[in-house]
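Reading through the structure tokens given below for one structure.
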Amino acid sequence: MTMMRIRKGLVLLAVGALTLTACGGDDDGGAGSQETAEGIDFSATPEGTVKTMGFNPSDEVGSSRSDLAEERLDGVTVDMDTANFDPQKFAALSASGDLPDVVQMDRNTIATFAQKGLIMPLGECFAAQDVNPEEYWYPAVVQEASWDGDVYGAPQFFQPGMIIINTRVADAAGVVPEEIDTSQPDQLVEVTEKMTTMSGAQPTTLGFDPDMPGSTTTWIEVFGGSVMDEEGKPTLDDSKNVEALQWLGEIMDAQGGYPEVTSFKQTWDVFGAENQYVADQVGAALWAQWYINVLADTKDEVELTSQPVRDVDGNVFALAGGTALAIPTQAENPVAGCEWITTVTGLDAWEAAGDARAQTVIENDSVNTGLFTGSPVADQAVRDAHVVETGNESFDQLIATSYETLADVRTVGVSPVGQAINSALQNAAGAALSGEQSAEDALSDAQDTAMREWDGLDS
């Protein structure tokens with residue numbers, strides 16, 4: 001199970017879908033989408049029907065925002081396809097011309113569709129709705145939703161990563177939380193071994209779970225590596241990436257090996273009353289901020305603390321990721337689509353979501369951990385309104401750490417072959433950690449795979 005599931009519920013972009021969607025693009029790689037956006041009066045009063053795809057208001061955070069948008073777009077009918085974004089379906093709709101007006105997609109696919117000319121730049125939309133992306137969203141989040149100097153998506157959500165520590169396990173091993181420090185990789189291997197317990201060849205308590213292969217990019221960032229350059233060209237065989245993957249292998253070996261670790265994690269009751277922190281099956285693990293909400297359901301059964309993720313230079317950081325709302329180039333009602341996406345990602349919507357979440361917290365006798373929206377303005381507004389001392393020392397400390405990471409929000413970069421890079425990287429991590437290949441050979445093969453996609457952009 002991928003613990004850092006910032007992209008939970010999203011599907012990977014299939015190469016076949018990209019090939020098909022190319023037929024809907026312009027030969028100039030997206031210039032046609034700019035012309036389409038410039039021909040629209042986004043200040044006009046929206047009317048008719050706005051069709052959305054991928055946005056699912058299944059909880060109070062989603063429903064409160066979509067309700068506000070429906071109220072604001074008075075007289076506009078909202079037609080929602082709430083299924084997760086499906087690139088194959090989007091490809092088919094692009095070919096037929098029967099597209100929705102709004103699509104929710106992973107931000108690391110924005111550049112792909114922008115480069116193909118299948119989604120439009122939103123500069124004119126934002127200007128008409130008085131939205132300043134540089135002031136409203138984190139710069140790294142805006143970068144993820146941009147391509148070639150234009151912003152193509154309205155970002156939503158950003159889940160910073162952190163190390164959640166089981167103090168019972170740490171204390172029993174004689175480990176203090178400050179020793180669980182990602183800026184000291186060799187020390188962390190030693191600490192992992194101390195906190196690990198084994199039954200024969202099988203782990204019964206993991207000392208440290210780095211969430212592999214899903215969080216490979218986090219560890220590459222820790223070691224100062226990169227998966228792409230400033231132009232979006234793959235750099236998977238960077239020597240720092242090799243170093244990170246070799247270190248991850250040491251972490252796994254300290255706990256019985258990658259296959260054994262993976263098998264043991266499959267027995268965890270991650271979302272249940274006997275989760276791995278209740279059952280003392282883990283000493284520390286990399287998680288996204290959202291998991292604090294899960295652990296709050298067992299707040300009286302766990303003893304926790306946390307550490308932020310630090311790079312090898314000691315700098316605390318958070319790696320961006322999440323979704324964005326975009327408007328297809330061939331959308332029938334882009335004016336309504338523009339107002340809808342700027343409403344559901346606007347400050348009023350996030351404040352409404354914060355109010356709704358606060359009510360749920362009260363009803364469930366839970367803990368309010370805030371919302372991480374992709375906007376520092378909205379994050380702070382929700383924090384000021386609803387995040388207070390809980391009286392539970394563990395959760396107050398976890399919440400404080402999650403906000404601490406926001407001081408330095410980073411991104412792995414933006415590329416029209418971003419999904420190919422990510423897929424090749426995860427395959428390389430699996431091959432290296434399972435012993436099928438050395439880290440160097442696995443990343444070399446991954447670089448070759450990603451470069452074939454990059455070179456194919458000109459074909």
Side-chain angles (χ1 to χ4, degrees), residues 1-10 157-170 175 177 180-183 188 191-192 195-196 205-222 248 251-252 255 261-262 264-299 301-311 316-322 366-372 379 387 392 394-406 409-410 426 429:
M1 179 172 291
T2 298
M3 294 184 174
M4 285 287 289
R5 289 176 296 177
I6 295 173
R7 300 177 177 90
K8 181 183 178 183
L10 297 170
F157 297 112
F158 161 50
Q159 292 289 302
M162 59 194 296
I163 309 300
I164 299 181
I165 301 166
N166 184 336
T167 55
R168 287 194 298 255
V169 172
V175 172
I180 305 172
D181 183 353
T182 61
S183 71
L188 188 50
V191 168
T192 297
M195 292 193 294
T196 298
T205 298
L206 294 185
F208 178 61
D209 177 23
D211 181 37
M212 290 299 293
S215 294
T216 310
T217 52
T218 295
W219 301 111
I220 284 176
E221 187 70 24
V222 165
L248 286 162
I251 288 287
M252 295 300 173
Q255 305 173 95
V261 167
T262 301
F264 178 51
K265 285 173 59 180
Q266 291 173 352
T267 70
W268 290 358
D269 184 23
V270 174
F271 296 98
E274 296 297 324
N275 66 67
Q276 66 277 13
Y277 287 93
V278 172
D280 292 337
Q281 294 171 310
V282 70
L286 176 64
W287 279 101
Q289 182 273 345
W290 63 265
Y291 195 63
I292 304 175
N293 296 293
V294 175
L295 293 173
D297 291 339
T298 55
K299 63 182 185 297
E301 308 297 326
V302 294
E303 296 178 19
L304 308 172
T305 189
S306 61
Q307 288 288 311
V309 178
R310 296 180 173 89
D311 62 27
V316 173
F317 74 92
L319 201 60
S366 190
V367 175
N368 199 317
T369 65
L371 293 177
F372 289 74
D379 289 351
V387 181
N392 184 308
S394 289
F395 282 85
D396 287 342
Q397 199 273 336
L398 264 61
I399 293 166
T401 298
S402 64
Y403 279 105
E404 178 187 355
T405 66
L406 299 180
V409 178
R410 305 178 186 177
Q426 292 204 24

Are [X] and [Y] packed together at the side-chain level, in the sense that at least one heavy-atom pair is separated by less than 4.5 angstrom?
{"X": "Leu406", "Y": "Phe158", "answer": "yes"}
{"X": "Asp209", "Y": "Lys265", "answer": "yes"}
{"X": "Leu188", "Y": "Phe208", "answer": "yes"}
{"X": "Ser366", "Y": "Asn293", "answer": "no"}
{"X": "Val367", "Y": "Thr369", "answer": "yes"}
{"X": "Phe317", "Y": "Val409", "answer": "no"}
{"X": "Phe264", "Y": "Thr267", "answer": "yes"}
{"X": "Val282", "Y": "Val169", "answer": "no"}

What's the spacing between [X] [atom1] and [Y] [atom2] if we round to 0.5 Å?
{"X": "Leu304", "Y": "Ile292", "atom1": "CG", "atom2": "CD1", "answer": "9.5 Å"}
{"X": "Glu303", "Y": "Ile165", "atom1": "CD", "atom2": "CD1", "answer": "13.5 Å"}
{"X": "Thr401", "Y": "Met162", "atom1": "OG1", "atom2": "CE", "answer": "4.5 Å"}
{"X": "Glu221", "Y": "Ser215", "atom1": "CD", "atom2": "OG", "answer": "13.0 Å"}
{"X": "Leu398", "Y": "Gln307", "atom1": "CG", "atom2": "CD", "answer": "10.5 Å"}
{"X": "Gln281", "Y": "Asp269", "atom1": "CD", "atom2": "CG", "answer": "8.5 Å"}

Short question: side chain of [X], backbone of [Y] - any donor-acceptor pair under 3.5 Å?
{"X": "Thr182", "Y": "Arg310", "result": "yes"}
{"X": "Tyr291", "Y": "Leu286", "result": "no"}
{"X": "Ser402", "Y": "Ile399", "result": "yes"}
{"X": "Arg168", "Y": "Gly283", "result": "no"}
{"X": "Gln159", "Y": "Trp290", "result": "yes"}
{"X": "Thr196", "Y": "Gly207", "result": "yes"}
{"X": "Gln397", "Y": "Ser306", "result": "yes"}
{"X": "Gln255", "Y": "Ile251", "result": "yes"}

>> Under the rule for side-chain hydrogen bond (donor to acceptor under 3.5 Å, both in side chains), what residues qualify as partners of Asp181, not counting sequence neighbours?
In response: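 Listed in chain order: Ser183.
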> How far apart are the C-alpha atoms of Val309 and Thr405, what are their side-chain angles, what is the distance that settles it, and do they pass the side-chain contact (heavy atoms from CB on, under 4.5 Å) test?
Replying inline: CA-CA 8 Å; Val309 178; Thr405 66; over 6 Å; no
>> The test is side-chain hydrogen bond (donor to acceptor under 3.5 Å, both in side chains); show your working for Asn275 and Thr298 and say whether it passes.
In response: CA-CA 8 Å; Asn275 66 67; Thr298 55; 3.1 Å; yes
> Testing Thr167, Ile164, Ile180 for side-chain contact (heavy atoms from CB on, under 4.5 Å) with Thr305, which one passes?
Replying inline: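 Single side-chain contact (heavy atoms from CB on, under 4.5 Å) partner of Thr305 among Thr167, Ile164, Ile180: Thr167.
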